[in-house]
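Note that the numbering runs from 1 along the sequence shown for the chain. These numbers were taken from a predicted model, which means no experiment stands behind them. FYI, side chains are in, hydrogens and waters are out, and symmetry mates aren't considered; it's all heavy atoms of this structure.
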Amino acid sequence: IAGGFTHVALRNDGKKVIEITAMGGSEPKRWVNAMRERLNAYRKAEDAECFTAFGRRGWARLINAAPLAKRDGEWIYEVAR
């Protein structure tokens with residue numbers, strides 16, 4: 001079982017992005033690739049530049065992205081087009 005919460009945001013620099021505010025579930029290695037494909041389809045449908053996620057450092061291995069920065073104890077990830 002897996003789920004997530006997202007929204008479309010317009011940054012101060014004018015970029016439209018999909019922000020993943022929460023994502024989780026049991027056995028993430030089984031569903032993370034399917035979730036990424038769905039998020040990319042959503043991003044394309046919304047004509048967004050990228051999607052961003054906030055989470056623990058361990059997410060880097062699962063989503064194949066290096067963290068950009070740390071804010072309020074959480075790592076920020078960005079996956080571009």
Who passes salt bridge (charged side-chain N to carboxylate O under 4.0 Å, His left out) against Glu46, sequence neighbours left out?
Lys16

Got Thr21 and Thr6 here, is their nearest side-chain heavy-atom distance under 4.5 Å?
no

One should read off an interatomic distance between Ile18 CD1 and Lys44 NZ, to the nearest 0.5 angstrom, of 12.5 Å

Which residues satisfy the side-chain contact (heavy atoms from CB on, under 4.5 Å) test with Arg38, sequence neighbours excluded?
none

Going by the rule side-chain contact (heavy atoms from CB on, under 4.5 Å), which residues pair with Lys15 if we only count those two or more places apart in sequence or in a different chain?
Arg11, Asp13, Val17, Glu49

Identify the heavy atoms of Arg43 and Phe51 that sit nearest to each other, and give their distance.
CD-N, 4.1 Å

